Structure formats: C-alpha cells, structure tokens
Amino acid sequence: MQTTPLKTTIRSVLAAAAAAGIALTASACGSATPEGSAAEESVVADDTGADDTAAEGAGSREDAAEADGASGGDSDEAASSAGGEKTEVQIGETIEDPDMGDTLEVLSAVRDFPSEEEADLIADGGEVVLLEVSVSPGEEYGGLVSMNNFKISWDDGVDFWGSKTRMIEDELDDAGYPVFEDVSRRDGGEHTGWMAFLVDERADTYRVNYERRGAEVIGSDDVIDPFEDQFEIPGS
C-alpha cells in the first residue's frame, strides 16, 4: 500500500525535472534568436555604413576631380587671357620720302609685349605691339618726324589707329625699349627708338601706314605734296 505513493512521487519528480529541462531548452533557444538577429542587423548596418562611406568617399573624389578640372580650366583660361609669349620679329623695311628727303628704316617689332598697365586689353583679346624705327631726316625743310605719323590697322586696312606710347612709357623704359622721340629735321643725324600700339583685336599680321601731310613752303608758292607708305608687321 506504501509503494504507490513512492512511485507517484518518483514520477512527479521525473516529470518536474523533464519539465524543467524543456523550459531550459526553450529559454536557450529563445535567447539565441534575437542575438543572432541583432548580430546580423549589426553586420548589415556596418556594411551599409561602409557603402555609404565609400559612396561619400567616391563622391568626394569626384567632387575633387571636378574641382581640379575646373581649376585647371581656370588656369588655362588665365594663361590664354594673358596673351602670347613676347616675341621680337624682324621687319627691315625702308621708307624714302622724296620731297622731304627723309629716310625711315623700320627695324623690328615686338609682338605680345607683357604690359601690366594694359592687362585688361590683353585679357579681352587685344595685344600691345612695339615698333622700332630709325629716322634720318632731310635737312632742306623744317618740321618734325613724329610717332604720330605711324598708324596701325588690325582689320586689313579698313581703319588705322595711332600710337599710344605715352600710356606705357614707363614700362618701355623699364624693359629696355627707349621711346622714340620727335625728330626735328633741322637737327639732322640719326634717331632710333620704339613706339607702342594698343591693339583691340589681336591679328596674325598688322598693316602700318606712314603718312606725312602736305605743306606749303613759307615765302614761296611751292607746295609739298602729302606722302604715305605702308608695311606689314609679321606674325610672331
């Protein structure tokens, strides 16, 4: 009669132990799932962050490349706007004025003179052109041979423009180009110097016109006819 309760007790104990084991197993399984999910989400989040970082880095590199390209373009534009490289070209033309007896030798020219005073002109597509002349005046008449007798054309002779030497005279002196001064025929001798032209539109070549106006000879009825001649400044 006493055996039945013992078996029942043992069964109860075993059942309780089994139930406890099942509960522990369920608990362990339940805790493993969220950890695994959390770890996976963390990995995904890290990968996404890495992709975003990589994308940002790529974007930064692309932005930097575009900035560098833009900067390079600006540099090229600045170089272009500065005009070409200064070059001296030989001309070797001689002008003889038969009535006045003047001999003018057009020696050389400087293309793309780098004037800071006329930086805006150069940036806008213009050019500073220097011209070297040597004058041996006739001695029969008075008057002057002046830089104002020389005019330049950058539109193939449609219009001619006078010298603007005085506007950059200091720069010419500093660069070692002595300015051409007016020559009095009564002084005789030989006079050499440079004059400057400010060209609005840079051209491959320029035409220069030398013009002397006509005159009346004081104390007589004689009239001296006007005189002109042209020559070309070649490309650099």
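It should be emphasised that the depicted structure is a prediction, and the values quoted were computed from it without experimental measurement.
With rounding to the nearest 0.5 Å, the separation of NZ in Lys86 from CG in Asp112 is 11.0 Å. Between atom CZ of residue Phe197 and atom NZ of residue Lys151 there is a gap of 10.5 Å, rounded to the nearest 0.5 Å. Going from atom CG of Leu107 over to atom CD of Glu88 covers 9.5 Å, rounded to the nearest 0.5 Å. Atom CZ of Arg185 is separated from atom CD of Glu140 by 11.0 Å, given to the nearest 0.5 angstrom. Considering OH of Tyr210 and CZ of Phe231, their distance stands at 10.5 Å, rounded to 0.5 Å. Note that OG of Ser115 is 8.0 Å distant from CG of Leu121, once rounded to the nearest 0.5 Å.
For the pair Asn209/Glu228, a side-chain contact is recorded, criterion being any heavy-atom separation below 4.5 Å from C-beta on. At a threshold of 4.5 Å between non-hydrogen side-chain atoms, the residues Ile233 and Val129 count as touching. Side-chain atoms of Val217 and Ile224, non-hydrogen and from C-beta on, do get closer than 4.5 Å to each other. The side-chain heavy atoms of Trp194 and Thr165, taken from C-beta on, include no pair separated by under 4.5 Å. Val106 is listed as a side-chain neighbour of Leu131, based on a closest heavy-atom distance under 4.5 Å. A heavy-atom distance below 4.5 Å is not found between the side chains of Arg207 and Ile152. Counting only heavy atoms from C-beta outward, the side chains of Leu130 and Val128 approach each other to under 4.5 Å. Side-chain contact between Leu104 and Phe150 is present, with heavy atoms from C-beta onward closer than 4.5 Å.
Of all heavy-atom pairs spanning Pro137 and Gly189, the tightest one is CD-O, 3.2 Å. Between Val199 and Glu201, the shortest heavy-atom contact is CG1-O, 3.1 Å.
Of the N and O atoms on the side chains of Asn149 and Glu211, not one donor lies less than 3.5 Å from an acceptor on the other residue. Glu127 and Tyr206 share a donor-acceptor pair across their side chains, judged by distance under 3.5 Å alone. Under the 3.5 Å distance criterion, with hydrogens and angles disregarded, no donor-acceptor pair is assigned to the side chains of Gln90 and Ser108. A donor-acceptor contact closer than 3.5 angstrom is absent between the side chains of Glu132 and Thr192.
Met195 and Phe160 are members of different hydrophobic clusters when ILVMFWY side chains are connected at heavy-atom separations under 4.5 Å.
The pair Asp102-Arg212 does not count as a salt bridge, with every side-chain nitrogen at least 4.0 angstrom from each carboxylate oxygen. For the pair Glu181 and Arg166, the salt-bridge criterion is met [side-chain N within less than 4.0 Å of a carboxylate O].
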Would Asp200 and Leu198 count as a side-chain contact (heavy atoms from CB on, under 4.5 Å) here? Give the steps. CA-CA 7 Å; Asp200 287 344; Leu198 307 183; 5.8 Å; no
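In this structure, Glu105 contributes its side chain and Ile95 its backbone to no donor-acceptor pair below 3.5 Å. Under a 3.5 Å cut-off, the side chain of Ser153 and the backbone N or O of Asp159 do form a donor-acceptor pair. Under the 3.5 Å distance criterion, the side-chain polar atoms of Thr87 are left unmatched by any main-chain donor or acceptor of Arg111. Side chain of Glu171 to backbone of Glu117: a donor-acceptor contact under 3.5 angstrom is found.
Aromatic ring pairs are classed by plane angle as parallel below 30°, tilted from 30° to 60° and perpendicular above 60°; the pair Trp161 and Trp154 is parallel.
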